[in-house]
Amino acid sequence: MSTYHGPRCRSCNGPCWQWKGSVWGYTCAACIAEHQHAAAVRADARDQKALKRSLSKLFGNKDSSAVSKVASGR
Ligand SMILES: [Zn+2]
């Protein structure tokens with residue numbers, strides 16, 4: 001698009017004629033959606049990790065006590 005001389009998206013360098021505020025600045029809708037998707041994925045991963053950690057803590061304690069019982073019975 002050689003006819004476009006307006007501001008460009010700071011993320012993909014594509015045309016972005018609309019200022020999206022102090023957070024996004026000149027970022028096109030596609031890149032904002034991409035960023036928000038990535039943020040959501042990161043949040044999901046963090047939640048999954050926390051969930052896994054609390055679960056392994058729960059079951060890990062059970063497992064270790066069972067293992068130590070078996071080990072002492074031998
Ligand atoms: Zn963009």
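Just follow the structure's listing: the first ligand is 1, and inside any ligand the first atom is 1.
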Exercise answer: donor-acceptor pairs, residues 18-25 side-chain atoms, under 3.5 Å, sequence neighbours excluded:
| unit_1 | atom_1 | unit_2 | atom_2 | d |
| --- | --- | --- | --- | --- |
| Lys20 | NZ | Thr27 | O | 3.1 |

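- Shown here are the protein N/O/S atoms lying under 2.8 Å from the Zn ion (ligand 1), water excluded: Cys9 SG, Cys12 SG, Cys28 SG, Cys31 SG.
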N/O donor-acceptor pairs under 3.5 Å from side chains in residues 28-38, not counting sequence neighbours:
none

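- Checked options Cys9, Cys16, Pro15; the residue passing with Cys12 is Cys9 (criterion: side chain to side chain contact (heavy atoms under 4.5 Å, CB included)).
- Of the inter-residue distances, the one linking Arg42 atom CZ with Asp47 atom CG reads 13.0 Å to the nearest 0.5 angstrom.
- Partners of Arg46 by side-chain contact (heavy atoms from CB on, under 4.5 Å), not counting sequence neighbours, listed by chain and number: Ala43.
- Between Trp17 and Tyr26, the closest side-chain pair of non-hydrogen atoms is not below 4.5 Å.
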